[in-house]
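No experiment lies behind these values; they were computed from the predicted model shown.
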Amino acid sequence: MEKQRVVFVHGGGSFGAAAWPRQHGMALKYDALFLRRHGFDPVVEPVEPSVAADVAIILAALESDGNPGGHLVAHSQGAIPAMLVAVDHPELVRSLVLVEPACLSLTAELPATMAYRALMEPLFEARHRLGDEEYLQEFRRRTASAAAGPVSNEDPHRVARRLRLQAPPWDAPLHIVPGVPTLVLTGGWEPLYEEIAGYLRETGALHRVAAGGHRPHDSPEGDRIIRSFIAEAGRVPQPGYGHPA
């Protein structure tokens with residue numbers, strides 16, 4: 001019996017397998033692919049992000065090895081291209097897990113999203129005039145993003161430059177939700193992500209909370225929730241899954 005594929009899409013910090021330390025062991029049971037989004041490279045200089053390029057990377061992973069489809073797990077800004085893939089290609093997505101999804105375009109008129117945009121938009125508009133370190137310090141001052149994540153050996157100057165190049169999440173071309181089994185996992189710490197989770201819950205998603213701030217998937221409970229959801233979704237036949245319309 002072939003292993004079901006699970007494709008992991010990182011957020012704005014660590015990338016590849018380094019972004020998913022708790023989920024490494026899933027490779028024993030699944031065909032686990034830990035992606036690297038466009039512009040995230042340990043050697044090449046960071047470049048402007050591209051949602052279209054990220055979508056292409058995810059599709060290539062889901063369609064590889066002649067056995068199309070799988071489960072998608074995405075964190076923060078990685079949730080945007082993951083959701084776009086699920087919207088346009090539901091036959092390839094057996095289930096969708098969104099961890100603290102930065103899908104602000106869906107909740108643009110809700111209060112927490114509007115407050116976040118009012119706080120951050122002036123900084124995003126000035127990002128091409130600021131130095132990398134200056135932008136990083138101001139970004140952290142305005143958000144709670146200084147919380148610890150996985151240890152990274154990457155050059156901190158490269159990390160700062162990549163952050164400065166990121167596009168505002170409210171500009172994402174995402175305005176509808178996919179019709180696939182969806183789990184939203186949040187850390188219960190930030191009204192913005194709880195607001196997005198609430199919107200997705202009202203459109204049919206399952207919402208769960210685990211401690212861990214912006215990285216609840218690093219906690220034992222968050223990891224258990226993700227694994228249980230994927231295991232359950234993997235047991236349920238999905239009409240049309242694996243068969244392009």
Side-chain angles (χ1 to χ4, degrees), residues 1-38 40-42 54-79 81-83 85-86 89-101 148-154 178 180-187 205-243:
M1 182 176 179
E2 292 188 3
K3 293 181 178 180
Q4 293 181 12
R5 180 174 296 126
V6 182
V7 175
F8 293 89
V9 187
H10 62 87
S14 299
F15 50 88
W20 306 93
R22 281 273 180 185
Q23 287 72 46
H24 288 175
M26 292 180 69
L28 296 174
K29 184 176 180 181
Y30 299 95
D31 176 18
L33 303 179
F34 300 94
L35 302 188
R36 193 171 65 196
R37 290 168 48 215
H38 176 77
F40 288 79
D41 191 284
D54 288 343
V55 166
I57 291 168
I58 296 170
L59 281 174
L62 287 172
E63 295 175 331
S64 65
D65 298 333
N67 184 28
H71 306 270
L72 264 181
V73 184
H75 178 225
S76 192
Q77 291 193 20
M83 285 193 71
V85 167
H89 302 276
E91 75 281 356
L92 293 176
V93 181
R94 192 174 192 108
S95 72
L96 179 65
V97 177
L98 306 172
V99 183
E100 295 254 307
V151 175
S152 173
N153 294 323
E154 193 176 12
V180 301
T182 302
L183 165 70
V184 185
L185 177 65
T186 58
L206 177 69
H207 178 209
R208 293 289 183 264
V209 178
H214 189 47
R215 295 186 57 85
H217 52 301
D218 286 349
S219 71
E221 178 63 8
D223 181 49
R224 184 197 65 77
I225 290 170
I226 291 173
R227 291 177 187 242
S228 295
F229 179 79
I230 290 176
E232 181 64 27
R235 287 191 288 267
V236 179
Q238 301 294 324
Y241 165 77
H243 303 283

Original post:
Considering residues at least two apart in sequence or located in another chain, which fulfil the salt bridge (Lys or Arg N to Asp or Glu O under 4.0 Å) criterion with R227?
Top reply: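 Scan of R227 (salt bridge (Lys or Arg N to Asp or Glu O under 4.0 Å), adjacent residues dropped) gives D223.
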Interatomic spacing from [atom1] in [X] to [atom2] in [Y] - rounded to 0.5 Å:
X	Y	atom1	atom2	value
L183	E232	CG	CD	12.0 Å
R215	H75	CZ	NE2	5.5 Å
I230	I225	CD1	CD1	12.0 Å
D54	H38	CG	NE2	7.5 Å
L33	I58	CG	CD1	11.5 Å
L206	L185	CG	CG	10.0 Å

Is there a donor-acceptor pair closer than 3.5 Å between any side-chain N or O of [X] and the backbone N or O of [Y]?
X	Y	answer
S76	G12	no
Q23	H217	yes
R94	G234	yes

Apply side-chain hydrogen bond (donor to acceptor under 3.5 Å, both in side chains) to [X] and list each qualifying residue two or more places apart in sequence or on a separate chain.
X	value
H10	none
E100	W189, H214
H207	T186, R201
E63	none

Output all residues satisfying side-chain contact (heavy atoms from CB on, under 4.5 Å) with [X], sequence neighbours left out; order by chain, then residue number.
X	result
A32	F8, A27, F34
H89	L59, E91, L92
R36	F15, F40, D41, P42

For a quick test of reading the model, state the closest non-hydrogen atom pair linking [X] to [Y] and the distance between them.
X	Y	answer
A74	G78	CB-O, 3.5 Å
A79	L98	CB-CD2, 3.8 Å
W20	V9	CZ2-O, 3.2 Å

Subject >> Distance-only donor-acceptor check, side chains H71 and Q4, under 3.5 Å >> reply: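 Yes, Q4 and H71 have a side-chain donor paired with an acceptor closer than 3.5 Å.
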Original post:
Applying salt bridge (Lys or Arg N to Asp or Glu O under 4.0 Å), which residue pairs with at least one partner in residues 6-26 are found, sequence neighbours left out?
Top reply: none
Are side-chain heavy atoms of [X] and [Y] found at a separation under 4.5 Å?
X	Y	value
V180	L72	no
V209	P216	no
L96	P178	yes

Subject >> Residue pairs involving residues 24-35 (criterion side chain to side chain donor-acceptor pair (under 3.5 Å); sequence neighbours excluded) >> reply: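 Non-adjacent pairs meeting side chain to side chain donor-acceptor pair (under 3.5 Å): R5-D31.
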